[in-house]
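The structure appears below as structure tokens.
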Amino acid sequence: MSARGKIVVLSGSGLSAESGLPTFRDSAGLWNKYSWVELASPEGWARQPEVVLAFYNERRAKAWKAEPNAAHRAIARLETGYEVVVVTQNVDALHERAGSTNVLHVHGELAYARGTGRARKRYKIDDAPIELGQKCEEGTQLRPDIVWFGEETQHMEEAREHVATADKVLVVGTSLTVHPAAGLVDSARPDAERALVSLEMDEIPRGYEYLNGKATQRVPPLVTRWLEEQAS
Ligand code: OAD
């Protein structure tokens, strides 16, 4: 165990909801409004790449304008007392913009593009749109660096290793329905302190204390408590 203690934060779209970015499965969630088959699958991309690009171009522009909220900022503050790894399913950059320095994006990032061929080189595009006809160095069409259904999740082994060696695990704003990312919660040590913050949860994973409520209300006091514990 490290002298500073290690915390892993597992976050999902509910964390960015109070920054004005939509979730996926709540009543106003993206997958209640749009078809994930059309917008988040290799089949949808093959059928209508221009529709897929337009969807992510809009989300990229919106995410770029959003500001980190009090929960993102509290999570960044944890680094003053702990070794912290954030494993996020979110494709926005709000953790980094709040000050977190060690963030693994298991579902990719809106701010990057990549080609559609075998080369996996990523290009930082920030808020720029990707247009049909825009190609990577290898000559294939650029696409968002987002993990679509049926594609391989990124950084999973590293993420699992971090969860398994954490003294505390905080899960926030995810319905834990999308695997394999959702399964990370089960890799925590049985003696690790575990908390889950959410507005609504069908099933609380074993060993987790449920802190029901908004991330901006529940995360900052928890962070303050954990920092006080570490200081004493
Ligand atoms: P979901 O929409 O499935 O779940 C969001 C969760 O956040 C729900 O449990 C809500 O109750 C909770 N929530 C909403 N607002 C909140 C708030 N203000 N404070 C705290 N909790 C709140 O979204 P994810 O679990 O993130 O994948 O979805 C997982 C993946 O499904 C996404 O990464 C995305 C999607 O398909 C890809 O795009 C690859």
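All residue numbers in this chain count up from 1 along the given sequence. Indexing begins at 1, ligand by ligand and atom by atom, following the structure's order.
Counting the atoms of ligand 1 from 1 in the order shown, those under 4.0 Å from a heavy atom of K214 are 19 (N). Close approach of ligand 1 to D26 is summarised as follows: ligand atoms under 4.0 Å from at least one heavy atom of the residue are 8 (C), 10 (C), 11 (O), 14 (C). For ligand 1, the atoms closer than 4.0 angstrom to any heavy atom of W31 are 35 (C), 36 (O). Close approach to A215 involves these atoms of ligand 1, each under 4.0 Å from a residue heavy atom: 17 (C), 19 (N), 20 (C). In the vicinity of E18, heavy-atom distances shorter than 4.0 Å reach the ligand 1 atoms 17 (C), 18 (N), 19 (N). In summary, the atoms of ligand 1 found under 4.0 Å from a heavy atom of G213, numbered by their order in the structure, are 19 (N), 20 (C).
Side-chain contact check for L104 versus T88: every heavy-atom pair is 4.5 Å or farther apart. A 4.5 Å side-chain heavy-atom check between P144 and L53 finds at least one atom pair inside the cut-off.
Ranking protein heavy atoms by distance to atom 6 (C) of ligand 1, first place goes to G173 O, 3.5 Å. Nearest protein neighbour of atom 33 (O) of ligand 1, counting heavy atoms only, is H107 ND1, 2.8 Å. Looking at atom 32 (C) of ligand 1, its nearest protein heavy atom turns out to be F24 CE1, 3.5 Å. Looking at atom 4 (O) of ligand 1, its nearest protein heavy atom turns out to be S175 N, 3.3 Å. Distance from atom 13 (N) of ligand 1 to its nearest protein heavy atom, with residue and atom name: G14 CA, 3.6 Å. Here the heavy atom of the protein found nearest to atom 23 (O) of ligand 1 is S13 OG, 2.8 Å. Closest protein heavy atom to atom 39 (C) of ligand 1: V147 O, 2.7 Å. When only non-hydrogen protein atoms are considered, atom 15 (N) of ligand 1 lies nearest to L199 CD1, 3.4 Å.
Here V178 has side-chain heavy atoms under 4.0 Å from ligand 1, and that is the only part of it that gets that close. Contacts of R25 with ligand 1, taken as heavy-atom pairs under 4.0 Å, involve both backbone and side chain. Of all the heavy atoms of F149, the ones lying under 4.0 Å from any atom of ligand 1 belong exclusively to the side chain.
For R73 and E79, the salt-bridge test fails: no basic side-chain N is under 4.0 Å from an acidic carboxylate O. Taking the charged nitrogens against the carboxylate oxygens, R25 and E200 have no contact shorter than 4.0 Å, which rules out a salt bridge. Using a 4.0 Å cut-off between charged side-chain N and carboxylate O, E228 and R225 make no salt bridge.
Within a 6.0 Å sphere centred on CD of E50, heavy atoms belonging to other residues, nucleotides or ligands number more than 12. The number of heavy-atom neighbours closer than 6.0 Å to CG of D202, taken from other residues, nucleotides and ligands shown, is 12 or below.
Side-chain atoms of T140 and K135 include no donor-acceptor pair closer than 3.5 Å. H95 and S11 form a side-chain donor-acceptor contact under 3.5 Å, judged by distance and modelled atom types alone. With no hydrogens or angles considered, a side-chain donor-acceptor pair links T174 and Q89 at under 3.5 Å. Side-chain atoms of D92 and S16 include a donor-acceptor pair closer than 3.5 Å.
Ligand 1 lies less than 4.0 angstrom from a heavy atom belonging to S198.
Aromatic ring orientation, W36 versus F149: tilted (interplanar angle from 30° to 60°). Ring geometry for Y34 against F55 counts as perpendicular: the plane angle is over 60°, on a 0 to 90° scale with 30° as the lower cut.
Distances from atom 29 (C) of ligand 1 to the heavy atoms of E200, Q89, Q217 put Q89 nearest.
Between G12 and ligand 1, no pair of N/O atoms sits closer than 3.5 Å. The N/O atoms of N90, backbone and side chain alike, include none that comes under 3.5 Å of an N/O atom in ligand 1.
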